[in-house]
Amino acid sequence: MKALKLIFILFMTIDFNVYADKNEQLVTQGKGLYNQHCVMCHGASGAGDGPVGSNLSKKIQPFKKYSDKQIIDILNGGKKDVMPDYRATLTAEQKEAIAKYINSL
Ligand code: HEC
């Protein structure tokens, strides 16, 4: 019984590490994508002060606190007239990666 418990604990630890690595990978991938697609408007720290963003008629606010899912929904809808819709231009994984990166800022 003790051995069984030990094996169980080992599995939990291994699983958790796999999850942490996957999450880190997504954040790294998200950073690259953010710098390619979003930084010019939203700025490096998400403060809304990118070179394009600063020249829009509507001032971009710093990111509010959103869940990953909410960010993905925003990307799928865009913002009328001021922000492109990324429904078709980014894959589901890319959108998840960007959401995780934003939430790591
Ligand atoms: C052309 C400039 C532009 C680009 C490029 C752009 N955005 Fe935006 N984004 C905006 C503007 C402007 C708003 C604010 C719209 C509003 O207030 O209704 C906004 C709003 C948002 C919001 C909601 C912010 C809030 O707190 O309400 C999120 C999240 C967001 N953008 C994420 C992204 C991500 C991620 C990318 C890259 C994939 C991106 N945006 C690319 C201009 C841009």
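Atoms within a ligand are numbered from 1 in the order they appear, just like the ligands themselves.
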**Request:** May I ask you to check if ligand 1 and Y34 share an N or O to N or O distance below 3.5 Å?
**Result:** no
**Asked** Among all protein non-hydrogen atoms, which one is nearest to atom 28 (C) of ligand 1, and what is the separation to 0.1 Å?
**Response** F63 CE2, 3.5 Å
**Request:** Work out whether the distance between some heavy atom of I102 and some atom of ligand 1 is less than 4.0 Å.
**Result:** yes
**Prompt:** Can you tell me how far the OG1 atom of T89 sits from the NE2 atom of H37, to the nearest 0.5 Å?
**Reply:** 7.0 Å
**Prompt:** Will you find, in the side chains of D68 and N103, an N or O donor that is under 3.5 Å from an N or O acceptor?
**Reply:** yes
**Prompt:** Can Q29 and E93 be said to form a side-chain contact (heavy atoms from CB on, under 4.5 Å), step by step?
**Reply:** CA-CA 10 Å; Q29 186 192 351; E93 183 177 281; 3.4 Å; yes
**Prompt:** Between atom CG of D21 and atom CD of E24, what is the distance when rounded to the nearest 0.5 Å?
**Reply:** 6.0 Å
**Request:** Would you mind listing the cluster partners of L26? Hydrophobic ones only (ILVMFWY), side-chain contacts under 4.5 Å, chaining allowed.
**Result:** none
**Asked** So, for M40 and Q36, which heavy atoms are closest and what is the spacing to 0.1 Å?
**Response** CE-O, 3.6 Å
**Message:** Among all protein heavy atoms in this structure, tell me which lies nearest to atom 41 (C) of ligand 1, with the distance rounded to 0.1 Å.
**Reply:** Y86 OH, 3.3 Å
**Request:** Write out the residue and atom name of the closest protein heavy atom to atom 18 (O) of ligand 1, then the distance separating them to 0.1 Å.
**Result:** K58 NZ, 3.2 Å
**Prompt:** Considering only the protein, which heavy-atom contact is closest to atom 27 (O) of ligand 1, and what is its distance?
**Reply:** Y66 OH, 2.9 Å
**Item:** Under 4.0 Å to a heavy atom of L56 - the qualifying atoms of ligand 1, by number
**Value:** 12 (C)
**Request:** Please go through I71's hydrophobic cluster and name the other residues, only I, L, V, M, F, W, Y counting, with side-chain heavy atoms under 4.5 Å joining them.
**Result:** V27, L33, Y34, V39, F63, Y66, I74, L75, M83, Y86, L90, I98, Y101, I102, L105
**Prompt:** When you look for heavy atoms under 4.0 Å from ligand 1, do you find them on the side chain of L33, its backbone, both, or neither?
**Reply:** neither
**Item:** Carboxylate-amine/guanidinium proximity below 4.0 Å for K22 and E96
**Value:** no
**Message:** Minimum heavy-atom separation for V52 and C41, please, with both atom names.
**Reply:** CG1-SG, 3.8 Å
**Prompt:** Around atom 8 (Fe) of ligand 1, how many protein N, O or S atoms are closer than 2.8 Å?
**Reply:** 2
**Prompt:** Under 4.0 Å from atom 14 (C) of ligand 1, is there any protein heavy atom?
**Reply:** no
**Item:** Listed partners of K69 passing salt bridge (charged side-chain N to carboxylate O under 4.0 Å, His left out), at least two apart
**Value:** D73
